[in-house]
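In what follows, a structure is listed as structure tokens, so that the remarks can point back to it.
Only heavy atoms go into these numbers, but all of them, side chains included; no hydrogens, no water, no symmetry mates.
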Amino acid sequence: MDYFQIGCGLVVVLLAIYYYYKSIYNTWKNRGIPGPQPMFFIGNLFKTAIKKESMSDCVKKLYDEFKHEPLFGIFAGTSPSIVVNDLDLVKDVLIRNFSIFVDRGIRTFPKIEPLMQHLFVLEPERWRPMRAKLSPIFTSGKLKEMFLLIVECAENLEKHLDKVVEDGGSAECRDLAAKFTTDVIGSCAFGINMNALKDEDSEFRQMGRKIFTPNLKQTLKEICRQFAPWLYGLIGSLLESKEINDFFTNLITDSIKCRKESNVVRPDFVQLLMELQDHPDQMNNIELTDSLLAAQAFVFFVAGFETSSSTIAHALYELAQHQDIQDKLRQEIREVIKENIGNLTYNDVKGMKYLDKVFKETLRKYPLVPMLTRQAMEDYTFRGTKLTIPKGTNVWIPVIGIQRDPNIYPKPEDFDPERFTDEAVAARHPMSFLSFGDGPRNCIGARFAVYQSKIGIITVIRNHKVVVCEKTKIPYESDSNSFLLALKGGVNLKVEKA
């Protein structure tokens, strides 16, 4: 075979690859669905993959361009995904036709990343029984039992704030809140004093930083996972953090072993995992391996400390810029607590109406997860349209776009807690606020997150005030290195005695 024949063969192969991917990138065009022009082989998310643009900014930009369309198409690498803007169609996906969209459509690699086999991403067969068995830890009754443990951590936060004031008052509030929420999760979920507020080198706080602090290895992992999953299946173990996997697996296996040997019973997350392990017959023949149990603990730890700490930090960021709102909130906090002789109770937090408005407006403006994802379990035709998507198609719901749409929330960049009066909420579409998702696969820990975050905000604002300083980044600029919505450079504020 001469070089000419080899060259012709290569040309034929390259042309075949080109036309194959061209046919994929015509998926939405052929169906008459609008959408942004994808880059060949890369799709529409390349900037987010190389950390040049945050996922929040990407989703918001796409939504703003196509928000007048009920649906539009994008490509995650070479995978076609449909973005649902119309709120009635959003309700169809999340609630009415949930059985078709029960899967989140997030591919996992069990042997490479064992801690990813958690409730958030599990396929329907394992998700259903796992959700049913884990739900009891998040009931209002269990939360009342945990309440005093959260308050105890809040008292430590109060002492830490006094020390911050003595040292000049400068604080990076996201890290400060993360130390508080790490202590809360340790106490309520694992029965462990993580001591993150007192010990800067707390092992759990260090682990939290490693999970969320971006690095080259993590970036390569995400790019490979997104654009070349076949390659990730081969080399992914080289990019995965063995230290984090081992830490959480050993944490759960050692805790369970210690409790069984000492006959210790506590109303917490570890106890629930022990009960699952003791009654595998209730799990539809699902093998409850150490890594599967550790994965549930891992997501509880990560979601419990990171999402709540970011929400607390975002609330403080806005309160520092709106002293009138902060003063009104402090007044409510003090008046309610005064009635109980200075003691904070479960019902106190539940009854703080203005705090609830501030909390929801914070989540409205700063939804931590920019979009919800689902995957069609069968061919599906969207109601009122001619579009039928095939089984396996990923569906996106652009949470940040919806919650910052001026047609839904006038002047969306303003921070206005009065958007959440009963009358205002009733006048809006129920799918216009999706910070905890909706439907059967909503956030299982939402109730816990609400109380943890609110107690954190109460603790900071009750006897202290936060103000902007020279390090405060205004206007807001999202961190392109973070998948969750985060302020670039951190939430730097000054803490003073109120």
Side-chain angles (χ1 to χ4, degrees), residues 146-213 301-302 304-320 326 329-330 333-334 337 342-345 348-349 352 355 358-359 362 448-469 471-472 486-487 489-498:
M146 297 177 186
F147 187 81
L148 291 178
L149 296 175
I150 302 176
V151 170
E152 185 179 314
C153 294
E155 290 170 354
N156 292 332
L157 174 59
E158 180 93 33
K159 295 173 184 175
H160 186 79
L161 288 168
D162 288 338
K163 188 175 184 303
V164 169
V165 172
E166 289 176 8
D167 294 340
S170 180
E172 201 288 277
C173 290
R174 191 179 177 204
D175 184 61
L176 179 71
K179 291 176 181 177
F180 163 67
T181 55
T182 297
D183 283 350
V184 170
I185 294 299
S187 181
C188 293
F190 305 113
I192 298 172
N193 181 8
M194 294 190 177
N195 207 27
L197 275 165
K198 295 180 181 178
D199 182 7
E200 189 67 31
D201 296 321
S202 163
E203 190 174 16
F204 287 90
R205 186 67 197 109
Q206 286 186 43
M207 202 56 57
R209 290 193 183 102
K210 286 177 181 178
I211 293 168
F212 284 98
T213 300
F301 172 75
V302 170
F305 95 81
E306 178 65 19
T307 57
S308 292
S309 63
S310 293
T311 299
I312 293 169
H314 281 136
L316 298 178
Y317 177 74
E318 289 292 345
L319 292 172
Q326 186 177 163
L329 177 58
R330 183 179 299 106
I333 292 169
R334 288 179 172 178
I337 294 178
N343 296 317
L344 184 65
T345 69
D348 284 344
V349 178
M352 292 183 185
L355 172 62
V358 169
F359 176 75
T362 300
F448 182 88
V450 168
Y451 271 82
Q452 178 181 220
S453 300
K454 286 183 176 180
I455 292 172
I457 295 169
I458 289 169
T459 304
V460 176
I461 298 303
R462 178 183 176 185
N463 295 314
H464 298 82
K465 70 175 181 177
V466 287
V467 297
V468 298
C469 61
K471 292 183 179 180
T472 309
L487 177 62
V491 180
N492 295 288
L493 301 172
K494 188 173 183 182
V495 183
E496 301 175 348
K497 272 290 186 180

Review point. Which atom pair, heavy atoms only, marks the closest approach of Leu149 to Cys188?
Key: CB-SG, 3.9 Å

Review point. Taking side chain as C-beta onward, heavy atoms only, is Lys494 less than 4.5 Å from Val466?
Key: no

**Study point:** From Leu161 atom CG to Lys497 atom NZ, the distance as rounded to the nearest 0.5 Å
**Key:** 8.5 Å

**Study point:** Arg174/Ser310 under side-chain hydrogen bond (donor to acceptor under 3.5 Å, both in side chains): CA gap, chis, key distance, verdict
**Key:** CA-CA 6 Å; Arg174 191 179 177 204; Ser310 293; 3.3 Å; yes

**Study point:** Any side-chain heavy-atom pair of Glu172 and Val491 under 4.5 Å
**Key:** yes

Exercise for review: State, to 0.1 Å, how close Ala315 and Ile457 come at their nearest heavy-atom pair, and which atoms those are.
Suggested key: CB-CD1, 3.8 Å

**Study point:** Note: Lys179-Asp183 ion pair, threshold 4.0 Å (strictly below)
**Key:** no

Exercise for review: Can you measure from CG (Leu148) to CG (Asn343) and round to the nearest 0.5 angstrom?
Suggested key: 10.0 Å

Check your understanding: Would you say Asn463's side chain and Val460's backbone share a donor-acceptor pair under 3.5 angstrom?
Key -> no

Practice item. Would you confirm whether Glu496, through its side chain, and Lys465, through its main-chain N or O, come within 3.5 Å as a donor-acceptor pair? Key: no

Point to revise | Nearest non-hydrogen partners of Gly304 and Ile185, listed with the distance | key: CA-CD1, 3.5 Å

Review point. Under a 4.5 Å cut-off applied to non-hydrogen side-chain atoms, are Ile458 and Val349 in contact?
Key: yes

Point to revise | Whether Thr472 side chain and Asn492 backbone form a donor-acceptor pair below 3.5 Å | key: yes

Check your understanding: Any donor-acceptor pair under 3.5 Å linking the side chain of Arg334 with the backbone of Arg462?
Key -> yes

Exercise for review: State, yes or no, whether a side-chain contact exists between Leu319 and Leu329 at a heavy-atom distance under 4.5 Å.
Suggested key: yes

Check your understanding: Between CG of Leu316 and SG of Cys173, what distance do you get to the nearest 0.5 Å?
Key -> 5.0 Å

Review point. Is the count of non-hydrogen atoms from other residues, nucleotides or ligands lying under 6.0 Å from Gln206 atom CD greater than 12?
Key: yes

Revision key, fill the gap. Looking only at heavy atoms, the pair that brings Gly456 and Leu157 closest together is O-CD2, 4.2 Å

Review point. Does a side-chain heavy-atom distance below 4.5 Å link Leu176 with His160?
Key: yes

Review point. When rounded to the nearest 0.5 angstrom, what is the spacing between CD1 in Ile455 and SG in Cys153?
Key: 9.5 Å

Review point. Got Glu155 and Thr459 here, is their nearest side-chain heavy-atom distance under 4.5 Å?
Key: no

Check your understanding: Looking only at heavy atoms, which two atoms of Ser170 and Val164 are closest? And how far apart?
Key -> O-CG1, 3.9 Å

Review point. Within a strict 4.5 Å, meaning less than it, do heavy atoms of the Phe180 and Asn156 side chains meet?
Key: no

Check your understanding: Would you say Lys163 has more than 12 foreign heavy atoms packed within less than 6.0 Å of its NZ?
Key -> no

**Study point:** Gap separating the CD atom of Gln326 from the NE2 atom of His464, nearest 0.5 angstrom
**Key:** 11.5 Å

Practice item. Answer yes or no: is there a side-chain heavy-atom contact under 4.5 Å between Tyr317 and Ile312? Key: no

Review point. Between Ser187 and Val184, is there a donor-acceptor pair closer than 3.5 Å when you use the side chain of the first and the backbone of the second?
Key: no

Practice item. Return yes if some donor-acceptor pair links the side-chain N/O of Ser309 with the main-chain N/O of Glu306 below 3.5 Å, else return no. Key: yes

Practice item. Would you tell me whether Ser308 and Gln452 have side-chain atoms, one donor and one acceptor, within less than 3.5 Å of each other? Key: yes

Check your understanding: Angle class for the Tyr451/Phe147 ring planes (parallel below 30°, perpendicular above 60°, tilted otherwise)?
Key -> perpendicular

